[in-house]
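Below, chains carry the letters A, B, ... as their sequence lines are ordered, and counting in each starts from 1. None of these values were measured; they are calculated from a predicted model.
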Amino acid sequence: RVSDGFNNVFRKLSGSDAISESNVREAMDEVRTALLEADVHYEVAEEFCKNIMSDAAGQQVTKAVKPGQEMISIVHRRLIELFGGDPDAEQQPTPAGIMKLAPGPTIIMMCGLQGSGKTTTCGKLAGMLKKQGRSVMLCAADLQRPAAVEQLETVANQANDDLPGGSQVHFYGEHDKSAEYGKAVGVAVKVCQNAVKAAKKQGVDVLILDTAGRLHVNDELMGELKSVRSLVNPHHIFLVVDAMTGQDAVNSAKSFHEKLEVDGVILTKFDSDTRGGAALSVKAVTGAPIRYIGVGEHLDAIEVFHPERMAGRILG
Amino acid sequence: MLSGKQLNDDLIKEIEKRLIQSDVGVAATKILIDGINADYKAGTLTKGEDVIEYLKTELKAMWPAQDRTLNLSDTKPTVILMTGVNGVGKTTSISKLCQQLTSEGNTVLLGACDTFRAGAVRQLEIWGERLGVEVVKGQQGGDPAAVAFDACSAAKSRDVDILIIDTAGRLQTQTGLMDQLSKIRRVIDKQIPGAPHETLLVLDATSGQNALRQAEEFNAAAGVTGIFLTKLDGTARGGIVVAIKEATDIPVKYIGVGETPDDVEPFDPERFVEAMFA
Ligand SMILES: Nc1nc2c(ncn2[C@@H]2O[C@H](COP(=O)(O)OP(=O)(O)OP(=O)(O)O)[C@@H](O)[C@H]2O)c(=O)[nH]1
Ligand SMILES: Nc1nc2c(ncn2[C@@H]2O[C@H](COP(=O)(O)OP(=O)(O)OP(=O)(O)O)[C@@H](O)[C@H]2O)c(=O)[nH]1
Ligand SMILES: [Mg+2]
Ligand SMILES: [Mg+2]
């Protein structure tokens, strides 16, 4: 994805048997530009290049037999590390799944900016869990977007009826609680609490709370999420981020993380031709692992995130 | 961030950083910075405020006022086609345009041509109910071009001033869906020659460089006449519209600044620059 600019840099470097200090600096300038053009945040790109430069100096890359290859491997290693992988591992560890609890339910709170893909992703997670034989309940905690409750109910039914797996996907929603913008702040908290009761009563394994999209700078709505968190105690808080987000990815991710302690990120719309630099930015600034990526509008379009695969994809 | 500062190389570096962080992009930023550097070296720019004025002049020239007005047809109905990738705010932006146009005395009809996504038709219907306008819809899962056809004939027979057509979100890389969009356009033109009179590409201000790809591809498939830039009430600045203007000449006509029907403003290049350097 980020690979076009990188391809040029690495074509030049991998062909060279000898590189000088100034070659390294020139290559890093081109890498920095390639990262910016791929939507990596300005400061994340600077930090990344600084680290590569010091690795290159430390490894005396200019004295290496194949210095170009050395540089490429340094960038590759740094990328894998940044995405939460282990560059030295023979085989990457199995990524963490959704917590298993007895008694349940495991509670997942979905959050993020408007239109990032939360409601659709709730359905995808339900489908994934259903395939693993785990029962799911989707809770419509967006009481403000027109037809949000209906949208999630349709998604829950589709996951239940059309996706493979033996367990059930249930729906919890209170249609009469939906209200015009600004008139339902705080109502979501009660609905979430009612959903927890319903999930326990039905013995559901996983409860997923679909919340309304909101701006990280809207204190009232961020406060609503904090209330849900403190009263409902979710085991997972997933920040849903649109993969084509630009420089602003750092601002919103940092703010959501500071206020809620996000424990996972889901990048959506990765089936687009976006370069995906937001992935680096969000990981670098929150430290929260990228758990899943959305790769389409259908409910089976979700993949587990693999650091080494992402690093390989970026380098082309 | 620039007021009261003396212009020097360090401040120009800060300005470059701010432009990139506003998603103007590397190439378009270089064009603006080269211009600033030239005038700085020539001595015509000396203070931080001078750069604000310089950028305001440049951007006002990019988007002259006459390019930013809605294309209305001389004969009824005017047809506005809303397009864009998933989740950018097409449906919500329709509620805003509808509110504005009805408050100006127009009769408006809405066409629910997103026959695919869960709850999409219902979402537009609720806006129609709240704003007192009719919504033409079709079969869930059916051909959106057929709904566009019905919406156009309804607009003509009901003698409305303006028809706004909502479409499903689609990625510019989905060739089948881009062909579908071209087909919707052709069907509208066949029903009402010259329509759509305005094809708005809805862009999310939080999107990065991919928005440039979106503008190019949607323009090729549907002939975009204007941009509706949403979510400017957040911290994103939407600078990509500068790069889009350079590449496609498409003007920004409206901005979205919130989630209610009142949250729309005409695009103002001067305020756009001020927000970038706040
Ligand atoms: N192509 C593609 N589209 C997606 C993906 N995930 C979600 N979408 C689409 O993005 C749009 C927005 O998705 P929603 O699930 O409604 O987003 P949301 O975050 O719930 O939106 P709000 O509740 O308004 O904040 C819809 O058109 C979805 O079909 C993905 O991975 N790929
Ligand atoms: N803060 C803010 N939110 C907005 C703005 N415009 C739209 N939204 C929100 O963005 C989300 C998506 O809006 P929609 O109108 O459903 O977007 P869409 O492009 O029709 O989505 P699809 O049809 O699924 O592709 C909703 O939560 C809207 O309320 C805006 O200007 N500011
Ligand atoms: Mg939603
Ligand atoms: Mg829509």
Side-chain angles (χ1 to χ4, degrees), chain A residues 33-34 36-43 45-46 113-117 119-120 123 144-155 157-158 178 180-182 212-218 241-252 255 268-269 271-278 296-297, chain B residues 16-18 20-27 29 85-92 95 116-127 129-130 140 168-174 177 204-211 213-214 217 230-231 233-240 258-261 263:
Chain A
T33 300
L36 290 177
E37 285 175 338
D39 291 327
V40 175
H41 189 258
Y42 192 97
E43 286 163 357
E46 291 227 313
L113 295 177
Q114 290 88 347
S116 60
T119 305
T120 311
Q144 82 178 18
R145 169 174 153 154
V149 176
E150 175 167 334
Q151 183 187 2
L152 189 71
E153 184 164 26
T154 304
V155 162
N157 290 336
Q158 284 172 349
S178 291
E180 298 219 9
Y181 187 78
R214 66 203 65 213
L215 295 176
H216 49 293
V217 291
N218 183 324
V241 177
D242 188 327
M244 51 185 119
T245 309
Q247 298 285 311
D248 194 57
V250 150
N251 302 329
S252 48
S255 185
T268 62
K269 309 177 205 171
D271 46 319
S272 71
D273 61 357
T274 184
R275 311 278 291 274
E297 286 194 83
Chain B
E16 181 187 44
K17 178 175 174 180
R18 182 58 68 96
I20 291 183
Q21 287 184 327
S22 303
D23 289 311
V24 172
V26 174
T29 295
V85 304
N86 308 70
V88 293
K90 299 177 290 301
T91 308
T92 310
S95 76
F116 168 73
R117 206 207 70 210
V121 173
R122 188 69 204 124
Q123 184 185 3
L124 191 67
E125 277 187 325
I126 292 174
W127 282 124
E129 288 161 14
R130 289 183 187 173
Q140 182 65 16
R170 69 203 66 223
L171 301 178
Q172 68 276 16
T173 46
Q174 294 170 316
L177 293 181
D204 187 329
T206 65
S207 39
Q209 300 303 302
N210 194 255
R213 300 285 309 126
Q214 292 168 26
E217 296 301 318
T230 63
K231 307 181 195 171
D233 47 320
T235 50
R237 289 291 153 253
I240 194 66
E259 299 186 71
T260 78
D263 297 319

Does any backbone or side-chain atom of E125(B) lie under 4.5 Å from a heavy atom of chain A? Answer side chain, backbone, both or neither.
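Neither part.
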
Student check: side-chain heavy atoms of K17(B) and E43(A) closer than 4.5 Å:
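Yes - at least one pair of side-chain heavy atoms lies under 4.5 Å apart.
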
Are side-chain heavy atoms of R275(A) and Q209(B) found at a separation under 4.5 Å?
no

Quick check for you: among V250(A), D248(A), V217(A), which has the greatest number of heavy-atom pairs under 4.5 Å with chain B?
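It is D248(A).
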
Can you tell me which of P146(A), G123(A), A147(A) forms the most heavy-atom pairs within a distance under 4.5 Å of chain B?
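When all of P146(A), G123(A), A147(A) are compared, P146(A) has the most.
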
Sort [X] into side chain, backbone, both or neither according to what part of it lies under 4.5 angstrom from a heavy atom of chain B.
| X | result |
| --- | --- |
| E153(A) | neither |
| E150(A) | side chain |
| L152(A) | neither |

What's the separation between atom [atom1] in [X] and atom [atom2] in [Y], rounded to the nearest 0.5 Å?
| X | Y | atom1 | atom2 | value |
| --- | --- | --- | --- | --- |
| T33(A) | I20(B) | OG1 | CD1 | 8.0 Å |
| Y181(A) | T92(B) | OH | OG1 | 11.0 Å |
| D204(B) | T245(A) | CG | OG1 | 7.5 Å |

Applying salt bridge (Lys or Arg N to Asp or Glu O under 4.0 Å), can you list everything that pairs with D242(A), at least two apart in sequence or on another chain?
K269(A)

